[in-house]
Amino acid sequence: MILKKYLADRILNALNQINLQGIEVAVDRTQNPEFGHYTSSVSFNLSKVLKKSPYEIAKGIVEKLDDPLGLIDRIEIKGGFINFFLKETAFHLVIREIIKERANYGRSNEGQGEKVQIEFVSANPSGPLHVGNGRGGALGDVLASIFEWFGYAVEREFYVNDVGTQMNLLALSVEARMKELLGMPFEFPEEGYHGEYIKDIARLAIENFGDNIWNLPQEERLERIKEFAKDTILEWQRKDLEDFGIRFDCWYKESTLHKKNLLKEAFDILKANGYTYEKDGAVWFASTRFGDEKDRVLIKSDGSSTYFLADIAYHLDKYRRGFSRIIDIWGADHYGYVARMKAGVEALGYDPNTLELIIYQIVHLFRGGSAVRMSKRAGEMVTLRELLDEVGKDAARYFFVMRDPNSQLDFDIDLAKTQSANNPVYYVQYAFARCCSLFRQAEARGIEIERMFDCDLSYLRDPLEIELMITLEDFPDILKNAFYNRAPHRLTFYLESLAKSFHSFYNSLRILQEDEPIMYARMALVFATQQVIKNGLDIIGVSAPERM
RNA sequence: GCGCCCAUAGCUCAGGUGGAUAGAGCAACAGACUUCUAAUCUGUGGGUCGCGGGUUCGAGUCCUGCUGGGCGCGCCA
């Protein structure tokens with residue numbers, strides 16, 4: 001980014017001299033070496049305003065262009081594009097920058113410590129996490145890291161729906177399985193949870209409670225079973241997420257909202273603002289006034305509140321906790337709630353633009369080339385735990401963030417498991433391990449590794465070296481791109497291209513050798529590469545193994 | 001029926017704010033290890049960017065109408 005920024009600044013400077021301010025200048029990498037290292041198409045954008053041809057404008061800009069650091073070798077104007085050919089010394093600045101910044105290369109403080117909350121996963125405590133939760137988890141966690149890299153104070157939060165009929169159903173389901181295991185007559189609840197894990201909980205519950213539980217009145221017994229089942233499942237989820245590399249700053253329980261009387265408070269605000277009305281014995285929220293398709297019920301005719309009201313209360317609480325930006329990450333099946341949620345916060349009096357809803361599409365698992373069938377109803381979901389046990393944390397995280405959240409994800413379990421070139425995770429990790437191995441080798445040979453930090457980089461001039469340096473230069477830009485577009489997958493694509501660049505370089509140019517000036521310069525390049533791969537993998541939450 | 005997402009090479013997918021000849025991985029084929037890790041590299045072939053219009057210097061990208069697939073449209077949670 002330092003080079004692109006430098007060139008953009010040069011153009012801005014030149015535009016200033018012809019009295020043009022506030023223009024957005026983009027400088028990009030080129031696809032074709034014929035067009036130089038970097039290019040800008042500003043002249044096309046200015047052509048309308050200035051009523052001159054792009055070529056004339058480009059010429060005007062180039063005439064006024066300065067080069068205080070002396071990085072530009074030559075400039076060509078082709079069809080209005082301004083093509084920059086840089087001297088090799090320009091790219092050496094990138095290496096210097098990385099050596100200076102190290103683990104901070106790519107960071108920015110533009111968030112200035114602003115408080116941001118990202119809420120994700122938030123699975124119901126009615127069963128183990130499934131693979132869909134894995135995608136939401138990886139996406140949320142990586143986005144959170146990216147926000148941190150941009151200087152935001154990020155809180156990761158998990159919302160626990162520990163209230164409502166589903167919890168009662170859970171208790172009834174477990175109780176039934178307990179009776180079954182004990183050989184007692186039992187009746188399985190109509191809409192109960194059928195998964196095998198219910199039997200596991202039942203087994204644990206029998207162990208935990210002993211025979212005494214059956215002496216309690218049913219209501220109390222179910223209450224105890226409910227608490228036990230919920231805690232057991234939450235513990236499973238917490239453990240799964242930890243093994244998945246995710247640690248939440250806060251597990252926020254819905255029951256807390258009730259204890260703090262926040263549902264009533266939120267309701268009163270909506271009412272006071274005139275957005276509620278009664279109809280058919282229920283109380284409604286006029287969300288259509290904020291663009292929702294239809295109005296929504298807040299309080300049902302039986303007097304109980306809806307899940308939606310709890311959600312409004314929850315968001316009220318989020319704002320009160322001082323977050324200036326709130327991000328909810330939801331699966332595609334929750335898309336229908338986006339409009340009403342936005343309407344909710346707006347009706348509470350907050351700027352709906354500070355609430356961001358990120359929707360990710362569903363995950364399909366593939367094994368042996370065919371889709372793995374899953375049925376939520378029958379409780380036949382592939383759990384996150386099973387996936388983790390099978391493919392490991394690194395592959396799982398990488399694969400989940402590998403795709404645009406807007407696209408459905410085909411997760412190829414076989415591919416994630418292969419320890420070969422086909423697996424992009426290994427490909428990237430291997431590049432890192434190679435760097436490490438090289439420094440081990442250097443150490444074994446008694447090479448004074450430290451000398452690379454202030455060596456003469458002018459020996460880096462091979463096209464493969466230049467290409468690698470240009471790729472390294474790109475990292476902060478890619479990160480910015482991933483940040484602004486909430487698109488972590490751009491990072492995985494970048495890392496693969498960086499690894500590719502490195503492997504090509506490594507394969508055809510000798511690093512450790514007799515010629516010391518060349519050796520140290522190349523070692524510095526390897527060091528920079530190693531650092532950037534590490535930074536990228538850190539953000540994704542994938543390990544960078546020193547040996548493979 | 002309505003809303004949203006998706007459609008790019010045989011397969012899986014990249015292609016912020018419109019920029020030059022649309023890219024990568026896999027698969028296929030042909031090559032490269034006495035030398036720093038071959039979990040690597042080099043080369044070849046492969047395309048009506050779902051279809052039709054439109055906007056403009058320029059469209060895979062923006063608008064519009066279709067087609068096909070996914071998700072959602074409860075006083076469920």
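Quick note on labels: first sequence line is chain A, next is B, and so on, each numbered from 1.
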What residue among D462(A), I466(A), L468(A), T529(A) forms side chain to side chain contact (heavy atoms under 4.5 Å, CB included) with F505(A)? L468(A)
Let me know the distance between CZ of R403(A) and P of A24(B), rounded to the nearest Å. 16 Å
For the side chain of N406(A), counting heavy atoms from C-beta on, which of C73(B), C6(B), G69(B) is nearest? C6(B)
Of the listed nucleotides C71(B), G3(B), C5(B), the one nearest the side chain of D333(A): C71(B)
Between CZ of F84(A) and OG of S40(A), what distance do you get to the nearest 0.5 Å? 6.5 Å
Is the phosphate of A20(B), meaning OP1 or OP2, less than 4.0 Å from a side-chain N or O of T39(A)? no
Mind checking ring-ring contact (aromatic ring centres under 6.0 Å, His included) for F285(A) and listing every partner two or more places apart, or none if nothing turns up? none
Say you pick atom C1' in U61(B) and the same atom in G19(B); how far apart are they, in whole Å? 11 Å
State whether the distance check finds a donor on one side and an acceptor on the other, under 3.5 Å, for side chain N32(A) versus base U21(B). yes
Write down the distance separating the P atoms in G60(B) and G52(B), rounded off to the nearest Å. 13 Å
Pairing of K4(A) and D477(A) as salt bridge, 4.0 angstrom limit: yes
What integer number of Å spans the C1' atoms of C63(B) and U55(B)? 7 Å
Distance, rounded to the nearest Å, where N507(A) contributes CG and A39(B) contributes P: 11 Å
Measure distances between side-chain N and O atoms of N83(A) and base N and O atoms of A20(B), and say whether any donor-acceptor pair falls under 3.5 Å. yes
So, does R434(A) get its side chain near the phosphate of A38(B), meaning an N or O under 4.0 Å from OP1 or OP2? yes
Quick one: is Q31(A) getting a side-chain N or O under 4.0 Å of the G23(B) phosphate, OP1 or OP2? yes
Whole angstroms only, please: what is the CG-P distance between L309(A) and A77(B)? 11 Å
Using a heavy-atom cut-off of under 4.0 Å over every strand shown, decide if R490(A) touches base, sugar-phosphate, or nothing. sugar-phosphate
Looking only at atom C1', what distance separates G47(B) and C36(B), rounded to whole Å? 40 Å
RNA chain B: 5'-proximal contact among Y307(A) and G79(A) (nearest heavy atom): G79(A)
Give I362(A) one of three labels, base, sugar-phosphate or nothing, depending on what nucleic acid heavy atoms sit under 4.0 Å from its own. sugar-phosphate
Dot-bracket for RNA chain B, 5' to 3', with Watson-Crick and G-U pairs under 3.5 Å, [ ] for crossing pairs and | for other-strand pairs: what is it? (((((((..((((.....[...)))).(((((.......))))).....(((((..]....))))))))))))....
Assign each of S47(A) and A26(A) the nucleotide of RNA chain B bearing its closest heavy atom; nearer the 5' end lies the nucleotide of A26(A)
How is N161(A) classified with respect to the nucleic acid when contacts are heavy atoms under 4.0 Å: base, sugar-phosphate, or nothing? nothing
Give D280(A) one of three labels, base, sugar-phosphate or nothing, depending on what nucleic acid heavy atoms sit under 4.0 Å from its own. base
If the P atom of G31(B) is compared with that of U17(B), how far apart are they to the nearest Å? 44 Å
What orientation do W251(A) and F158(A) show, parallel under 30°, tilted 30 to 60°, or perpendicular over 60°? parallel
Is the phosphate of A77(B), meaning OP1 or OP2, less than 4.0 Å from a side-chain N or O of Y193(A)? no
On the 0 to 90° scale, with breaks at 30° and 60°, tag the F411(A)-F399(A) ring pair as parallel, tilted or perpendicular. tilted
How close or far is atom C1' of U17(B) from atom OH of Y484(A), stated in whole angstroms? 12 Å
Under 4.0 Å between any heavy atoms, over every strand shown, what does R445(A) touch: base, sugar-phosphate, or nothing? Just pick one. sugar-phosphate
Determine if the base of G15(B) is syn or anti; take syn to mean the glycosidic torsion is within 90° of 0. anti
Just the rounded figure in Å: distance from C1' of C75(B) to CD of E278(A). 13 Å
Please confirm whether the shortest side-chain N or O distance from R340(A) to OP1 or OP2 of C73(B) is below 4.0 Å. no
Test for a donor-acceptor pair under 3.5 Å between the base of C75(B) and the side chain of S301(A), counting only N and O atoms. yes
To the nearest 0.5 angstrom, please state how far the CG atom of L7(A) sits from the OH atom of Y38(A). 8.0 Å
Evaluate whether atom CD of E443(A) has more than 12 neighbouring non-hydrogen atoms of other residues, nucleotides or ligands under 6.0 angstrom away. no
Output yes when at least one side-chain N/O atom of K500(A) is less than 4.0 Å from OP1 or OP2 of G25(B), else no. yes
Base orientation of C33(B), chi within 90° of 0 counted as syn, else anti, reads syn
Does any donor-acceptor pair link the side chain of Y337(A) with the base of C76(B) at a separation under 3.5 Å? yes
Spacing between N423(A) atom CG and U12(B) atom C1', to the nearest angstrom: 13 Å
With a 4.0 Å cutoff (strictly under), does any side-chain N or O of H489(A) reach OP1 or OP2 of G15(B)? yes
Tell me what E24(A) touches on the nucleic acid: a base, only sugar-phosphate, or nothing, going by heavy atoms under 4.0 Å. base
Determine the contact category for S504(A): base if any of its heavy atoms lies under 4.0 Å from a base atom, sugar-phosphate if only primed atoms, P, OP1 or OP2 are that close, otherwise nothing. sugar-phosphate
According to a strict under-4.0 Å criterion, is K294(A) in side-chain N/O contact with OP1 or OP2 of G74(B)? yes
Answer yes or no: is there a donor N or O on one side and an acceptor on the other, between the side chain of D28(A) and the main chain of T39(A), under 3.5 Å? no
Take atom P in C75(B) and the same atom in U67(B), then report the distance between them in whole Å. 31 Å
Nearest-Å distance once atom P is located in both C26(B) and G68(B): 35 Å
Reckon K300(A) has a side-chain N or O less than 4.0 Å from the OP1 or OP2 of C76(B)? yes
So what does D412(A) touch, heavy atoms closer than 4.0 Å: a base, only the sugar-phosphate, or nothing? nothing
What nucleic acid atoms does L170(A) come within less than 4.0 Å of, heavy atoms only: base, sugar-phosphate, or nothing? nothing
Need one value for V283(A): base, sugar-phosphate or nothing, where a base atom within 4.0 Å counts as base even if backbone is also close, heavy atoms only. nothing
Can you tell me how far P in G46(B) sits from the matching atom in U56(B), rounded to whole Å? 36 Å
With a non-hydrogen cut-off below 4.0 angstrom, is A433(A) in contact with a base, only sugar-phosphate, or nothing? base
Relative to the ring of F502(A), is the ring of Y506(A) parallel (under 30°), tilted (30 to 60°) or perpendicular (over 60°)? tilted
Can you classify the ring geometry of F150(A) versus F483(A) as parallel (below 30°), tilted (30 to 60°) or perpendicular (above 60°)? parallel
So E496(A), base contact, sugar-phosphate only, or nothing? Heavy-atom distance under 4.0 Å. nothing
Using a strict threshold of under 4.0 Å (side-chain N to carboxylate O), is an ion pair present between R29(A) and E467(A)? yes
